[in-house]
Amino acid sequence: MSAPLTSLHRCCQRSALLLHVARRRWSSSSASPPPLHTRLLLFLTQRFYDVEMLLSWRSQLTRNQLQKKNVYYGYTQRFYGLDIASAYFILSLKGGFRFAGQSEWFYADQKGKFSWDFLNHKDTPLEEVDMSYTVINYRGLCNLESQRSLRTLKLRGCPEVDDWFLARLHVFQDSLEELDISHCPRITTGGLAALRNLKGLKRLDVSSLPGISSPGLVIILLEEMLPQCQITATGYDYNLNEAEGEEEEEHMQRQR
Amino acid sequence: MSAWRRLRVKLRSVPGFLVSIRPTQRHTSPYGRLTLCRSLSTGSHLRNEFFKDLEAQLAAFRKKAADALPGSSWSPLQINPNLPPERADIVIVGGGVVGWSIAYWLKQKEMVRGGVRVVVVEKDPTYSQASTVLSAGGIRQQFSLLENIHLSLASADFMRNINEHLGVLNEDPVDLQFNQSGYLFLANEEVAHIMEENYSTQRYAGAKVSLLSPTQLKQKFPWVNTDGVVLASYGLENEGWFDPWTLLNAFRRKAISMGVIQCYGEVTDFKCTTNVLRTSSGDTVDLKRIGSVKVQMPNSLEYQPVECAIVVNAAGAFSGKLTEMLGIGSGPKDSIAGIPLPVEPRKRYVYVVHCPDGPGLDTPFLIDYSGVYFRREGLGGNYIAGVSPEEAEEPDTSNLEVDHQFFEERVWPGLAHRVPAFEKLKVTSAWAGFYDYNTFDQNGIIGIHPLINNMYLATGFSGHGLQHSPAVGRAVAELILDGNFKTIDLSNFSFRRILTQEPMLEKNIV
């Protein structure tokens, strides 16, 4: 019983000595403490929950800023009327619009500056609205709901336009004639089904929607759903994946 | 000793041998290996290899020594890691969408981190008989009761902002695959006035619904046969269908990330303390308080009693069995204890049919006045159809077998009558699921049971539990943590209406 224990003891002593020797050898090989970025990362990994909280605060902050931009312009509506409020909302989000009966467009430039001439046209409904590449979302649409004679709505490349936004467009079902929702990343097939209410639609642009799978089939079904509408759907690759695989094989065979 | 050294030198020269033989040397003579380390002075390459193994061996040795020495937590008796904790604050019985929604909202509403310890107990890890995953997944606001409409509106609001609520950092966003297609209810002459009343209630509550005449209906949906239809009610917004499994998993993932403990097991028994009170006429009333819940592991005799403060009964179709364990329903006939929980499982069939010439992308969830319903499934011409059977022909609920004769007799004639294109269809698949059917008035029961002080009920939704689950979860969490309903007042859905026999009938049950 004691023989294994004594050899165990000897092994412990020897291994401690060896480790000491080894550590000295290793420490002499590395010249300096690890660089700043490594030390920073090690510091952060020991504070996981704090980092998680900071990241969630950041996403909460961006969401709050988005909701602030799309807030309901109640005061403007009360003091200036529904149409001016909608116009002001569009200009604040860096969009553009055209009044009914007028031919000039009111735009806000890149920095958000716009002229206040639109205040001269009181109680004139909006006819065409261009909100391309703005951050309008479902809540912001409540500012435009009062425009029941809206004919054109352009929402090209809007990152916050999703299926629920499309479902709410039913308020414009009598008047809307042209809708452009190309390049919106959050629209899926379920949202396109919501366009069934816009029976008066004449031109629809659904190009390059990354969210829909099997775009060819969806475009055909959309055309059946809206028979009077002219649908533009460019930017889709309709090639079969199998054909690409065969081409690759041929290429490899030729290389050999 | 020198013989060993010579052997090592020979073995080193044949690289293949060294790799295979060295492990056996180590295994056969551990102490012999240690005595070999005296021969360190042979060469630097031997020393390097030795250092590489040394640290790993030392770590393993140290760990084993620490475990074996007294004072460590290692014991030869291993504890089953799947058991629930011994104590919890709130035990939610039932891991369906209602149960996980309540768990999420409890964690969302707690004021301090780790304020309530919530355990969700689910009997079946495969969810093979759970109503949530077998549901058709529709959500509508077309109800006749104001509370139901408010619940649906709140749930639709929740689903619209689902990533804000249920998004977890560094995980994929939740995609419910929500089809915004709306519901279409058809009414004949007898029920048209009910539909008109419901329409005004729905508009008053804020639901976006429109009424259509038969000509407007034919214009909008040319594939419908308007024979017998006098009025149609069509949902414009916040109505459609989605994937229930995604919603369940989103709730589950978020709740677990917030600290809810998940347990797979069956609740087989309760330990209660009983307070016997006497009424003025001399009858006794037993007021029970649940002290602990006995959770039995699946396919095992092992169990764990979980001491808890509050039990939430979200067991869906099996809630009646749970309350029977507590003695509800087995008292004298004319007492409160004699009234059982009126929730029982009812089997409903869902058939998947394929029709190439059927209605297109704009197909709503159509519900005929005869009870036949169908909706589009995917883009390939598939539809899901079914009908609620009459009271007399309710199928047997001991299993989930599908009766295909039922389709031919009851579903297909209704479908073909309403949509002529469905005369040529093929049934590709079918399944059956349970409704947690409230035999009293087909509406949910939410609130504390009068005889059991700490059991909250959230069951009996009779087919619309899934669409109300986010709002019901929030309501029950408010009831538990705040003491009263704060956002939607569901006091009309309490157990009291069953005691006073005042049904809250819903006139639009599918």
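Ranked by heavy-atom pairs under 4.5 Å with chain A, the first of B:N179, B:D175, B:T363 is B:N179. No other option in B:G360, B:G167, B:S181 has as many heavy-atom pairs under 4.5 Å with chain A as B:S181. When each of A:S214, A:S59, A:G190, A:A193 is checked for heavy-atom pairs under 4.5 Å with chain B, A:G190 comes out on top. For the set A:E52, A:K199, A:R168, A:Q173, the count of heavy-atom pairs under 4.5 angstrom toward chain B peaks at A:R168.
Two rings, from B:F251 and B:F158, have their centers less than 6.0 Å apart. The ring of A:F165 has its center no closer than 6.0 angstrom to the ring center of A:Y138.
In this structure, the portions of B:L379 lying under 4.5 Å from any heavy atom of chain A include both its backbone and its side chain. In this structure, no portion of B:N170 lies under 4.5 Å from any heavy atom of chain A. In this structure, the portion of B:Y234 lying under 4.5 Å from any heavy atom of chain A is its side chain and not its backbone. Neither the backbone nor the side chain of B:Q219 has a heavy atom closer than 4.5 Å to any heavy atom of chain A. B:K208 touches chain A through its side chain: at least one heavy atom from C-beta onward sits under 4.5 Å away, while N, CA, C and O do not.
Side-chain contact check for A:I90 versus A:M131: some heavy-atom pair is nearer than 4.5 Å. In this structure the side chain of A:L179 reaches within 4.5 angstrom of the side chain of A:L201, judged on heavy atoms.
A:R139 and A:Y72 share no donor-acceptor pair across their side chains, judged by distance under 3.5 Å alone. Side chain to side chain, A:N137 and A:Q67 meet the donor-acceptor criterion of an N or O pair below 3.5 Å.
Here the side chain of B:S155 pairs a donor or acceptor atom with the backbone of B:Q467 at under 3.5 angstrom.
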